[in-house]
Amino acid sequence: MMEDFFVKKKVAIIASSGGNLFYLGGKDPAKLLDELLMQIQAAGMDCTSLQFIAAKASMDNIKDDTQAELYSWDEQTNSPVVTAVGTIAEVNKAASLIDKEIAKKIDHGEIDALIFMSADPKGANIHTVEAAANKKLPATGTGGTSMATIASKGVNVISTSGTTGTTNRTRAVTFITSLSKHFGLSYRPIIGKAATNNQFEQSSASVIKRINLRGMMLSSLPGFIAMALILAISKIPGLSGLSEVFDLMINALPIVLAVVAAKQVAELDEVSIVAGIVAGVLSVKGGIIGGIIAGILAGLLVQYIFRKCVEWRFPATTVNIAAGGIAGLASGLAVYFLIAPVALWLGGEIRALIDFLVSTNGVLAGLIAGLLIWPAIIGGVYHAAILPIVLLEMEKTGNSFLGAVDMVGLVMVSAGITLANIISPRDKGEAAVAAPGFAINMGFGTFVEAAYPFMFSNKMIFAGAIISSGFGGLLVGFFDVRGTAYVPSFMAPFLSNNATGFIIAMVGSLICSFLITFFVNKISRKNIKSLETKKTSNELVG
């Protein structure tokens, strides 16, 4: 008996791309099967048999000449393989052979459980269903009509549901939870670890550890840049009507952040996205801080409600509706009634502090920000502290004081250092390293790390970068500039409140870092030549 307990349970997957399922993952068999196989392995079970008929169209509109593929199980590689390609009629004939093979395995006790998805118990799966009924094997699956027919033929269906509202992940977790409970196995769903090339491993990170403010901010950044672009375009004569679009996009930012936060925390595909949208809509009054909080709460609740509903053996469709809808609504209402006023006040106070510092002494504020921004990004503080403040500033005005310092102090300084190493490198190899970095900084407003090899190899260049950044920040404060990075350098001035001042600040910091690096490289080359000359002289004397 103990030996039987430790033998891994063998599972067979019997499925087709289906009618409704086709639009909910069935048209991408590889991704659907990868998710299912990952959860099977997480439960300590093995997939040993597979019959998956993948049509190129929904089975609801199938024709005899519709193209299809047949996936079966390769016991050599322990992975799905395509074993037949042709019309649906041709693939069904090939599938009937696999159906008989799986039925024989069931008869011989080589299969312990079955997962059905949009199966055909009266056609391509008739022998498998009959054998499973004779052995009373536990089965689970989706596809209302087919599962009802399978149950009516005597198969021990332990859970079933329709396909509507499900995703690859939620279906897989529901299936394996049901089978694990039936067999008394310990199973913890793998959430948040994507499957790649059929190689799966369980993520050890808990849901709480997936709360990453830096990741949420960076993922949401495109939304802020889009808003800044609308602001710039609205300043063009004749396009002032876009100012209403700008106001609309400001209100959309909390929703963007809520969706990103919920998705990253829950990792339940469309279910977490829907929860994030619902929560985000209700958190608009709380600004981006309210949106982040709502999204995190939604992600946590999605996980909790999803697991509970699966444990209670709710149908997969109901699980998704409950997890996505209730989680989004509960977290959104919590922010709407309790957290939004505090979040809005906090965001306003942070912006007010920045405005106060700049209005009191903009030159000093810019100088200090410029001097500190390189140590901040090297020390890992930038994304944790500065970027959130930049986004808070942009939330109301579309541009930012610290965003302008970012562009002149990091991007332009990096561009100046790399440009100097293109024109006057210490050795020829450095020019090849510097060129791509310069192009990316100028063309895309990012990749400040391109300057690292030169800064870390020479203390003078490192000091020059900080000095140049401080000078650029000083100019930003002097001209009272608000702007943003992460956009092409030629576009940045048009997204600012003072294009002329921003151009002067950008050019100033670039030239400063360029000249310092240029002369440091020149001195380094002279020192290298001097050392080589002395070495040659000593060798001749020796």
Side-chain angles (χ1 to χ4, degrees), residues 24 159 161-174 177 188-192 203 205-213 215-217 219-220 223 250-347 388 391-392 395:
L24 298 170
S159 69
S161 75
T163 307
T164 303
T166 63
T167 67
N168 289 337
R169 179 158 296 169
T170 58
R171 279 192 305 273
V173 171
T174 302
T177 299
R188 181 169 182 172
I190 298 178
I191 306 295
S203 173
S206 67
V207 178
I208 299 298
K209 289 182 179 179
R210 286 205 297 271
I211 299 176
N212 185 333
L213 293 178
M216 295 170 190
M217 290 289 185
S219 297
S220 303
I250 285 180
N251 290 329
L253 292 178
I255 301 174
V256 172
L257 280 156
V259 171
V260 171
K263 176 68 168 60
Q264 290 188 2
V265 172
E267 279 291 352
L268 279 170
D269 301 323
E270 290 87 345
V271 179
S272 49
I273 292 173
V274 170
I277 292 172
V278 174
V281 169
L282 291 171
S283 66
V284 167
K285 290 185 178 180
I288 65 173
I289 294 178
I292 291 173
I293 294 172
I296 292 173
L297 290 175
L300 294 173
L301 279 175
V302 164
Q303 278 273 320
Y304 179 78
I305 294 173
F306 181 83
R307 290 181 188 276
K308 284 298 179 184
C309 289
V310 170
E311 288 175 7
W312 296 333
R313 299 195 179 186
F314 284 11
T317 299
T318 305
V319 172
N320 282 19
I321 292 172
I326 294 175
L329 190 61
S331 55
L333 288 173
V335 172
Y336 184 86
F337 287 110
L338 301 175
I339 301 173
V342 178
L344 190 62
W345 173 83
L346 180 60
L391 299 187
L392 276 170
E395 179 185 18

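Each residue takes its place number in the sequence, starting with 1.
- Taken from CD1 in Ile305 to CD1 in Ile326, the straight-line distance is 5.5 Å, to the nearest 0.5 Å.
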Distance-only donor-acceptor hits, side chain of residues 283-300, under 3.5 Å, sequence neighbours excluded:
unit_1 : atom_1 : unit_2 : atom_2 : d
Ser283 : OG     : Ala279 : O      : 3.2
Ser283 : OG     : Gly280 : O      : 3.0

Between Val265 and Met216, is a side chain to side chain contact (heavy atoms under 4.5 Å, CB included) present by the stated rule, with each step listed?
CA-CA 10 Å; Val265 172; Met216 295 170 190; 3.9 Å; yes
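- Nearest heavy atom pair, residue Cys309 against residue Val319, reads CB-CG2, 3.8 Å.
- For the side-chain hydrogen bond (donor to acceptor under 3.5 Å, both in side chains) test with Arg171, the passing option among Asn168, Thr167, Thr174 is Asn168; the others fail.
- For residues 332-347, the set of pairs meeting the salt bridge (charged side-chain N to carboxylate O under 4.0 Å, His left out) definition, not counting sequence neighbours, is empty.
- Gly324 and Val271 make their closest contact through N-CG1, 3.6 Å (heavy atoms, listed as atom of the first residue, atom of the second, distance).
- Heavy atoms only, all atoms of each residue included: Val260 and Ser219 are closest at CG1-CB, 3.6 Å.
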Exercise. Evaluate side chain to side chain contact (heavy atoms under 4.5 Å, CB included) for Glu395 paired with Leu392, printing each intermediate quantity in order.
Key: CA-CA 5 Å; Glu395 179 185 18; Leu392 276 170; 3.8 Å; yes
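- The two atoms that bring Ala327 and Leu301 nearest to each other are CB-CB, 3.6 Å, heavy atoms only.
- Within the model, atoms CD of Glu270 and NZ of Lys263 stand 8.5 Å from one another, a figure rounded to the nearest 0.5 Å.
- Once rounded to the nearest 0.5 Å, the distance linking CZ of Arg307 with CZ of Arg188 reads 6.0 Å.
- Summarising the local packing, CZ of Phe314 is surrounded by more than 12 heavy atoms from other residues, nucleotides or ligands at distances under 6.0 Å.
- Screening Ile255, Ile277, Leu329 for a side chain to side chain contact (heavy atoms under 4.5 Å, CB included) with Leu282, the sole residue that qualifies is Leu329.
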